[in-house]
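The structure displayed is predicted, hence computed values, not measured ones. Chain naming here is simple, since letters A, B, ... match the order of the sequence lines and numbering starts at 1 in each.
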There are 2 protein chains.
Amino acid sequence: MYRISELAKRCGVNKETIRYYEKRQLLPLPTRTEAGYRLYSDADAKRIQFIKRLQQLGFSLTEIHQLLGIVDQDKERCANMYEFVSKKVEEVQKQIKDLQRVVCMLQDLQKRCPDDKALYECPMIETLIEEEFST
Amino acid sequence: MYRISELAKRCGVNKETIRYYEKRQLLPLPTRTEAGYRLYSDADAKRIQFIKRLQQLGFSLTEIHQLLGIVDQDKERCANMYEFVSKKVEEVQKQIKDLQRVVCMLQDLQKRCPDDKALYECPMIETLIEEEFST
DNA sequence: ATAAACCTTGTACTAAGGTACATAGTCAAG
DNA sequence: CTTGACTATGTACCTTAGTACAAGGTTTAT
C-alpha cells in the first residue's frame, strides 16, 4: 500500500487528477491512515491505467464510469450496458468513416503543397461542403 | 448583403458564435452600415458552413484557422501547410486504428451483454491495458 | 413619437477535464 | 524541537468552444 504521490508517479498522472477521479466516482473511496492519508494498491494503479487508456481512445469520463460498471460488477450500470455499447459502436463506426474521408482530403492537400498555385486551387471547400453529410 | 441575425439563421448557428469566429479571425472583418451593423454575403455563409463541417470532422478552431490559409491565399499560413498536413494525416491514421480497436472491443462486449456472467468475466481491462499502445 | 425588434460592446457564465494554490495537519531526520 | 517533505481540504484558475446577459444605440412599424 502506498500514498497518493507514489500512485501518481506510477501512473504518470497528477495527484490532483487522482482526487478528481475519486470525486467523479471513477475510483473507490480509498482506505486511510490514522492521520487521514489515502492508501492505494496495485489494483488502483491498474484501474487508473485503464481509465487513461479509454480516455486516449476517445471515451469521456462519464462513459468510462459506465464501462467501469462491468469491472465493479454493478447491476445498475450493467443493466443499460447493451444499449450503451450499441450506440457507441455506431457512433465510432461513423467517426471512422469521417476520419477516412479526412485522410483522403489531407493527402490530396499534401500532394498539392509543394506548388503554391495548386494549393490555392485546391477544391477543399467544394469537396467538403457539397458532399452529403455521412449519416 | 444581410445582417448578423440573417447570417446566423442561414447557417444554423448562434449570432454570438459569428462574433466569436470574427474574434478568433476565422471570419474576415465584415463591412459595416453607417450605424455600425455588420454586413455579410453568401461568401461568409459558405465559409461558416466550411468551418462547421471541418469541426464535425474533428478539427479544432485553431486547426481550421490554419487550413483557411489556403482559402485566403495567405503566404504565412500556407508556408507551414505541408508540415501541418503531414502531422495531421499521421494523427488521424493513428486515431482510425485506435477506433477500429474500440469497435472490436465494444462488439465483444455487446455479444456478452445478454449474459450477466459473461459480462463480468469480460477481459476488457486486460485486453486494453496489456496491449502496446499503438504508435 | 414611441414601442418592438434589431444591433453594438463588454463581461460573465457554461461544460469537461483537469491544474494550482492557500492553509493546515503529519511525520521523519538532524 | 524544528525544518522539510509529505498530505488534507477547499477554492480558484486554465483551455476550448461557445452562450447569455446587461446597457445602450438604431431601425421599423404603428
Test V13(B) against Y21(B) for side-chain contact (heavy atoms from CB on, under 4.5 Å), laying out the working first.
-> CA-CA 11 Å; V13(B) 302; Y21(B) 286 178; 5.7 Å; no
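Here the side chain of D108(A) pairs no donor or acceptor atom with the backbone of M105(A) at under 3.5 angstrom. In terms of modelled atom types and a separation under 3.5 Å, the side chain of R47(B) and the main chain of L27(B) share no donor-acceptor contact.
Partners of R38(A) according to the side chain to side chain donor-acceptor pair (under 3.5 Å) rule, which considers only residues two or more places apart in sequence or in another chain, are E22(A). Listed by chain and residue number, I4(A), S5(A), A8(A) satisfy the side chain to side chain contact (heavy atoms under 4.5 Å, CB included) test with K15(A) (two or more places apart in sequence, or in another chain). Residues passing the side chain to side chain contact (heavy atoms under 4.5 Å, CB included) test with Q110(A), sequence neighbours excluded: Q107(A), Y82(B), V85(B), S86(B), V89(B). Applying the side chain to side chain donor-acceptor pair (under 3.5 Å) criterion to R24(B), with sequence neighbours excluded, gives Y20(B), T62(B). Considering only residues two or more places apart in sequence or on other chains, E16(B) meets the side chain to side chain donor-acceptor pair (under 3.5 Å) condition with none of them. Considering only residues two or more places apart in sequence or on other chains, D42(B) meets the side chain to side chain donor-acceptor pair (under 3.5 Å) condition with Y2(B), R10(B). Looking at residues two or more places apart in sequence or on another chain, you find a salt bridge (Lys or Arg N to Asp or Glu O under 4.0 Å) between K87(B) and E83(B).
In summary, contact between chain A and DNA chain C, defined as any nucleotide atom under 4.0 Å from a heavy atom of the protein, begins and ends at dG17(C) to dC27(C) in the 5' to 3' direction.
Nucleic acid contact class of S60(A) (heavy atoms, under 4.0 Å, all strands): sugar-phosphate only.
M1(A) belongs to a hydrophobic cluster whose remaining members, ordered by chain and number, are L39(A); membership requires side-chain heavy atoms of ILVMFWY residues under 4.5 Å apart, directly or through intermediates.
For CD of E90(B), the number of neighbouring non-hydrogen atoms (other residues, nucleotides, ligands) closer than 6.0 Å is 12 at most.
When every heavy atom of L26(A) is checked against every heavy atom of L61(A), the shortest pair comes out as CD2-O, 3.7 Å.
Recorded end-axis angle for the helix from dA1(C)-dT30(D) to dG30(C)-dC1(D) stands at 30°, based on five pairs per end and rounded to 10 degrees.
Applying a 4.0 Å cut-off to non-hydrogen atoms, the residues of residues 17-30 of chain A that approach DNA chain C are T17(A), Y20(A), Y21(A), R24(A), listed by residue number.
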Close N or O pairs between protein and nucleotides 4-7 of chain D (under 3.5 Å):
unit_1	atom_1	unit_2	atom_2	d
dT7(D)	OP1	S5(A)	N	3.2
dT7(D)	OP1	S5(A)	OG	3.2
dT7(D)	OP2	S5(A)	OG	2.1

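Across the protein-nucleic acid pair, N14(A) atom CG and dC13(D) atom P stand 18 Å apart, rounded to whole Å.
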